[in-house]
Amino acid sequence: MSALPIAILASGEGTNLQALLDGPAAKGMVRIVGVASDKVDAPALTRAEAAGVPTGRFPASDYADRAARDLALADWLEGQGAELIVSAGYMQLLDPGFITRFDQRIINIHPSLLPSFPGMDAVGQALAAGASETGVTVHFVDEGVDTGEVIAVSTVPIPAGVSRGELEEAIHAAEHRLLPEVVTAIARGEIGIGEGSRR
Ligand code: GAR
């Protein structure tokens, strides 16, 4: 079986990118053909460069609008040969044209049990709500904010008195297990992507 070519979108630290580099990529299940960011100095880009993965920088200030930026981003990802796009801490909404072009080929990891706590600061939202549990969701990306079809979830308890830092750590640990699992299942064909895969 040949490795599935995937690309990662990341705005921040890139610990989920690292989990993919160390897991499915190291095992030859996937080939990471590019890492793109809206933040020119995202630590995720440094991780990619350290692993010899090509990087693309797409700051909003270089483009007239989101549609123009995401058109350039889509052209670059297609040029890299990506068949699956993984949004892993990418903090921008994707343009509808981008989503149509990669229909059912974009997945996102979100730090809550969707549909609870979508959007920004999902961990803070869960703490503020006094929830007894939260978690992690991997889902297909559609035009809404964290509304696409759910692929897999992992639950994380919120013990009484837990600090924000402790909860973030537990969520990251869950993410670093769940995202590589889902990407591996896609690479094996156990989860369908692309045209006709809508369940
Ligand atoms: C992750 O916790 C991811 O779930 C979250 O950003 C973090 C990125 O961490 N994404 C969102 O909140 C998207 N709405 P990382 O850069 O270390 O992978």
Side-chain angles (χ1 to χ4, degrees), residues 6-26 30 32 34-51 53 55-60 66 70 73 84-95 98-99 102 106-129 131 133-158 162-184:
I6 73 169
I8 318 297
L9 305 180
S11 302
E13 284 302 319
T15 65
N16 281 287
L17 161 66
Q18 196 67 53
L20 294 174
L21 284 165
D22 296 343
V30 301
I32 302 184
V35 173
S37 187
D38 56 312
K39 297 270 181 287
V40 294
D41 55 358
L45 294 169
T46 312
R47 291 179 190 268
E49 281 154 9
V53 173
T55 52
R57 289 166 169 79
F58 299 88
R66 185 166 56 134
D70 287 0
L73 175 62
L84 173 72
I85 316 293
V86 181
S87 160
Y90 187 62
M91 298 305 183
Q92 299 286 321
L93 255 191
L94 290 163
D95 185 69
F98 183 101
I99 292 165
F102 295 104
I106 315 165
I107 64 169
N108 177 52
I109 184 147
H110 183 78
S112 75
L113 297 175
L114 291 171
S116 295
F117 315 129
M120 299 302 283
D121 193 19
V123 176
Q125 291 184 55
L127 286 170
E133 63 174 29
T134 184
V136 174
T137 304
V138 179
H139 64 96
F140 283 109
V141 172
D142 66 10
E143 289 175 19
V145 176
D146 302 322
T147 52
E149 181 192 346
V150 171
I151 301 170
V153 299
S154 173
T155 299
V156 175
I158 307 181
V162 73
S163 71
R164 187 187 168 102
E166 287 164 341
L167 182 57
E168 279 173 351
E169 203 175 307
I171 285 182
H172 263 123
E175 291 184 329
H176 300 161
R177 282 191 301 272
L178 191 67
L179 187 60
E181 263 173 37
V182 169
V183 167
T184 298

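Just follow the structure's listing: the first ligand is 1, and inside any ligand the first atom is 1.
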How close does the nearest protein non-hydrogen atom get to atom 14 (N) of ligand 1, and which residue and atom is it? His110 ND1, 3.2 Å
Identify the protein heavy atom lying closest to atom 16 (O) of ligand 1, giving its residue, its atom name and the separation to 0.1 Å. Gly14 N, 2.8 Å
The side chain to side chain contact (heavy atoms under 4.5 Å, CB included) partners of Ala51 (sequence neighbours excluded) come to Leu21, Val53
Show the atoms of ligand 1 that are less than 4.0 angstrom away from any heavy atom in Glu13. 16 (O), 17 (O)
Atom 12 (O) of ligand 1: the protein heavy-atom neighbour that sits closest, reported with distance to 0.1 Å: Pro111 CD, 3.4 Å
Please state whether Met91 comes within less than 4.0 angstrom of ligand 1, counting heavy atoms only. yes
Close side-chain approach of Val183 and Ile107, heavy atoms under 4.5 Å: yes
Find all atoms of ligand 1 within a distance of less than 4.0 Å from any non-hydrogen atom belonging to His172, and give their numbers and elements. 2 (O), 9 (O), 17 (O)
Just jot down the ligand 1 atoms closer than 4.0 angstrom to any heavy atom of Thr15, in number order. 15 (P), 16 (O), 17 (O), 18 (O)
What is the nearest protein non-hydrogen atom to atom 4 (O) of ligand 1, stated with its residue, atom name and distance? Glu175 OE2, 2.3 Å
Would one find an N or O of Asp146, backbone or side chain, under 3.5 Å from an N or O of ligand 1? no
Kindly check if the number of other-residue, nucleotide or ligand heavy atoms within 6.0 Å of CD (Glu169) is above 12? no
Under the salt bridge (charged side-chain N to carboxylate O under 4.0 Å, His left out) definition, can you give me all pairs with a residue in residues 110-124, not counting sequence neighbours? Asp121-Arg164
Less than 4.5 Å apart, side chain to side chain, heavy atoms only: is that true for His176 and Gln18? no
Closer than 4.0 Å to some heavy atom of Gly89 - which atoms of ligand 1 meet that? 6 (O), 8 (C), 10 (N)
Less than 4.5 Å apart, side chain to side chain, heavy atoms only: is that true for Leu20 and Val30? no
If you measure from CG on Leu179 to CD1 on Ile109, what distance do you get to the nearest 0.5 Å? 4.5 Å
